[in-house]
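Heads up: the structure comes next, in structure tokens.
Computed from heavy atoms alone, side chains included, the values below leave out hydrogens, waters and symmetry copies. Letters A, B, ... are given to chains in the order of the sequence lines, protein chains preceding strands, and every chain is numbered from 1.
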Number of protein chains: 4
Amino acid sequence: MDQPTQRNSRRKEARPGEILDAALAIFGEKGYAAASIEDIAKRAGVTKGTPYLYFKNKEDLFKALIIASISPTVDGLTEYLKEAQSLPVALQLQGTLHFWKTNVLDTSRSIILKLMMAEASNFPEVARFYQSEVIEKITDQLAALITLGIERGEFRPINVESITHALLAPMIYAVLQKHCFQCHQHPAPEDWLPDSVQVLIRGLLIQPTINTNLPPQHC
Amino acid sequence: MDQPTQRNSRRKEARPGEILDAALAIFGEKGYAAASIEDIAKRAGVTKGTPYLYFKNKEDLFKALIIASISPTVDGLTEYLKEAQSLPVALQLQGTLHFWKTNVLDTSRSIILKLMMAEASNFPEVARFYQSEVIEKITDQLAALITLGIERGEFRPINVESITHALLAPMIYAVLQKHCFQCHQHPAPEDWLPDSVQVLIRGLLIQPTINTNLPPQHC
Amino acid sequence: MDQPTQRNSRRKEARPGEILDAALAIFGEKGYAAASIEDIAKRAGVTKGTPYLYFKNKEDLFKALIIASISPTVDGLTEYLKEAQSLPVALQLQGTLHFWKTNVLDTSRSIILKLMMAEASNFPEVARFYQSEVIEKITDQLAALITLGIERGEFRPINVESITHALLAPMIYAVLQKHCFQCHQHPAPEDWLPDSVQVLIRGLLIQPTINTNLPPQHC
Amino acid sequence: MDQPTQRNSRRKEARPGEILDAALAIFGEKGYAAASIEDIAKRAGVTKGTPYLYFKNKEDLFKALIIASISPTVDGLTEYLKEAQSLPVALQLQGTLHFWKTNVLDTSRSIILKLMMAEASNFPEVARFYQSEVIEKITDQLAALITLGIERGEFRPINVESITHALLAPMIYAVLQKHCFQCHQHPAPEDWLPDSVQVLIRGLLIQPTINTNLPPQHC
DNA sequence: AATGAATGAGCCTTCATTCAT
DNA sequence: GATGAATGAAGGCTCATTCAT
């Protein structure tokens, strides 16, 4: 992929990213404890000493990996919702799920979620950080949308927090299904996710029949 | 089940179970690789060598733990659905979620799900086994219910597989939320789960308005 | 040295001592940093994991080694001086040096002194501890003796602290000479130490000529 | 010695010396094994690779350090004694100790002695070299002085080798005290060293009473 | 059946050393 | 000359596993 300068060209700028990519793959596959730095290094095309030039130790590399995954996950969503403000809330919800699919689920970064869940009790501070920076931010956005939907008269008045989690559930589950039980599972997330969202939205709408014909390509 | 010398519960027959209980706690908390046999032994009130009298090695203990958790999880559900056959499908679905909450979520066994997800790629055969014995069995039951609901005219005709996963999502997510991000998260599963199911069911019903007044204590 | 029970007989009581003996040899020879736990283990006839059954880590083993060497070094001296109380102070001083020779210099433990000096700046707390428990206790005993000698009219009135160090110097130097530049050095400590003490004592005495004929076997 | 661009002292000729100075400090503080080349380089204001431009490897740097410290330590002493030849031997001895204090003890170079003692068994050839070039040369000078003192009738006839070491002992001990147990030790070498020498000399003199009034500022 | 001393493979981490720039 | 990215050997430490008691 690189211009043919030298085999092991010194490229300080690229290294941390390459190592983080490798760490994502290896940590994601094996979990924190079972992943060895040497495996990560090999995957990154370097030797076992090199990661320590960029990360203090294994834990530090792990934390850096989590942190690096956060803004791409969350920032884009905020932006999307700003642009979609004027749409019907039902459409915004579908768009949110679509954004999640495109920017998390279909991304190698999605495995971070599984990793965080597996390691939450081993790294409580990291877990708290991830929760406040990712989970809660998404939760807040969803809650705001639902509140808006109720205010605009699109949705029935209903407990906002509960529905927030009702919407979060398929997002999380889709990721876990992909990474944990993916092999030979026919209804892949892209198949069931749109239908599920539609059912949920229909359950929220005051006039459900109208919504049934929403253009499916939005999710 | 306890008859002689109940005081110190040091009867040989109890040992494997005690060790499995300890393994559930320690594996659940730390994950497979970070859990040490000695920790498990200590938690079980025995010493390092004892687990090896009952389990060939660490992997074997792990597999036994997964397998031991399977029938209590699934068998009861089948039974419940047999008894509930004559109820409206919507109610059966609510009952199914209620069963899940009572017999999995509120149980120490629920952590197995998190464990399986974390270790799926490290133990593919175990993961496959768990999937076919637990996930698919639940999926099949849900699919059958939804099909029945459509046949009976309770539910709109809709893709069954998709909705199956729409229902599975909150079940899985509730468990993970409890074990991974539990600390200080107000909307606990018992709060949002019933509402979510109700919204989903409303989204499925042909005549949604009727369902809104379902007795909430069913889930 | 052991009865022919088994090759690797389990003998928990003896192990810590054996490992400390090995640590004394290896640390003494190579210094703290250059000594490897595996070397120590091999010397003790065990494998590299075994030391960790008895000592938390390398530093802990090092500290235990220092501490274990302290009471044999100091306690006997106190006792000797109690018994020798009624002798002329000059004789007590000679006896003290003789005690040092017998119980420190001629002992494998003597290398601890060199070790402490080499590692003092790497283990400041240990150094402080050694200083207060060994060096200062010996210093105090010497100072008390000299004071007594002055009071009894045996010694000229002279700065006590200074002379304390004048007496300590050959004790320390003898040890270091033995361990650092020992190879092919003819005047071994046993040769020059008695003469040196005699000269020092003669320098202290009010009537030096008398002392010149002190029985040499006392030191 | 500094002529052009004195400001940043980055002249090539100065480098080896700067690195040796840094090596002296770092080796002296941590010992050979615990000192890292990078620490030394940093202290010298250069980077990791630079020492290798001037020294083949770590061991080579260490040896060069020892060798560089030798002539300043020994040469001056020979010179001093040549000039002092006509003085009473007792005064020459005091002068020798004074020279040691000024040119070794009060010098950063003094730490070499501690270093050599700590590393003697790790670098036997270096130790032998140091012994023959430093210790033995000083020993020889001292022995010659004492012999002279006896010949001149100043000193009692006594074993020369023994007394040589009796005089060497406080010189060595003073250095070690300074570098190993220096913190908060009140009788610093400058306090006890002159008194000690005086007592030793008094022990050597044929007519001790005369010597007691030697001017104390000579040592 | 249970213990726990001992083993040794494996992994994290450091650091002397090299070399392309 | 100087840099500093990269290497890889070495060593601290853990822990699954064994086995004599």
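- The distance from atom CD1 of C:I26 to atom P of F:dG12 is 12 Å, rounded to the nearest whole Å.
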Next on the checklist: Pair D:S69, D:M116 - check side chain to side chain contact (heavy atoms under 4.5 Å, CB included), show working.
Outcome noted: CA-CA 11 Å; D:S69 84; D:M116 261 328 314; over 6 Å; no
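- Classification of the A:Y32-A:F62 ring pair by plane angle, with boundaries at 30° and 60°, yields perpendicular.
- To the nearest 0.5 angstrom, B:C180 atom SG is 8.0 Å from B:I111 atom CD1.
- D:D60 places its CG atom 10 Å from the P atom of E:dT17, with the value rounded to the nearest Å.
- Using a 4.5 Å heavy-atom threshold, the side chains of A:Y54 and A:L20 count as separate.
- The side chain of C:V46 sits closest to E:dT7 out of F:dT7, F:dA2, E:dT7.
- The nearest whole Å value for the distance from the CD1 atom in D:I40 to the C1' atom in F:dA2 is 18 Å.
- Rounded to a whole Å, the CZ atom of C:F55 is 16 Å from the C1' atom of F:dG12.
- A salt bridge links C:R15 to C:E18: one of the charged nitrogens lies within less than 4.0 Å of a carboxylate oxygen.
- The side-chain heavy atoms of B:F123 and B:I66, taken from C-beta on, include no pair separated by under 4.5 Å.
- A:T50 has a side-chain polar atom (N or O) that falls below the 4.0 Å cut-off from OP1 or OP2 of F:dT7.
- With the 3.5 Å cutoff on both pairing distances, Watson-Crick and G-U pairs in DNA chain E assemble into runs of at least 3 at E:2-21 with F:2-21.
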Next on the checklist: Is there a side chain to side chain contact (heavy atoms under 4.5 Å, CB included) between D:I112 and D:F27? Walk through the geometry before answering.
Outcome noted: CA-CA 9 Å; D:I112 291 280; D:F27 280 142; over 6 Å; no
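- Applying the salt bridge (Lys or Arg N to Asp or Glu O under 4.0 Å) test to residues at least two apart or on different chains, the pairs with a partner in residues 22-37 of chain D are D:K30-D:D39.
- Between B:Y54 atom OH and F:dT18 atom C1' there is a gap of 17 Å when expressed in whole angstrom units.
- Looking at every heavy atom in both residues, B:P51 comes nearest to B:I19 through CA-CD1, 4.0 Å.
- Rounded to whole angstrom, the span from the CG atom of B:D39 across to the C1' atom of F:dT17 amounts to 16 Å.
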Item to check | Sugar-phosphate or base contact per nucleotide [nucleotides 10-16 of chain E; S, B, -; heavy atom under 4.0 Å] | outcome: B-SBB-S
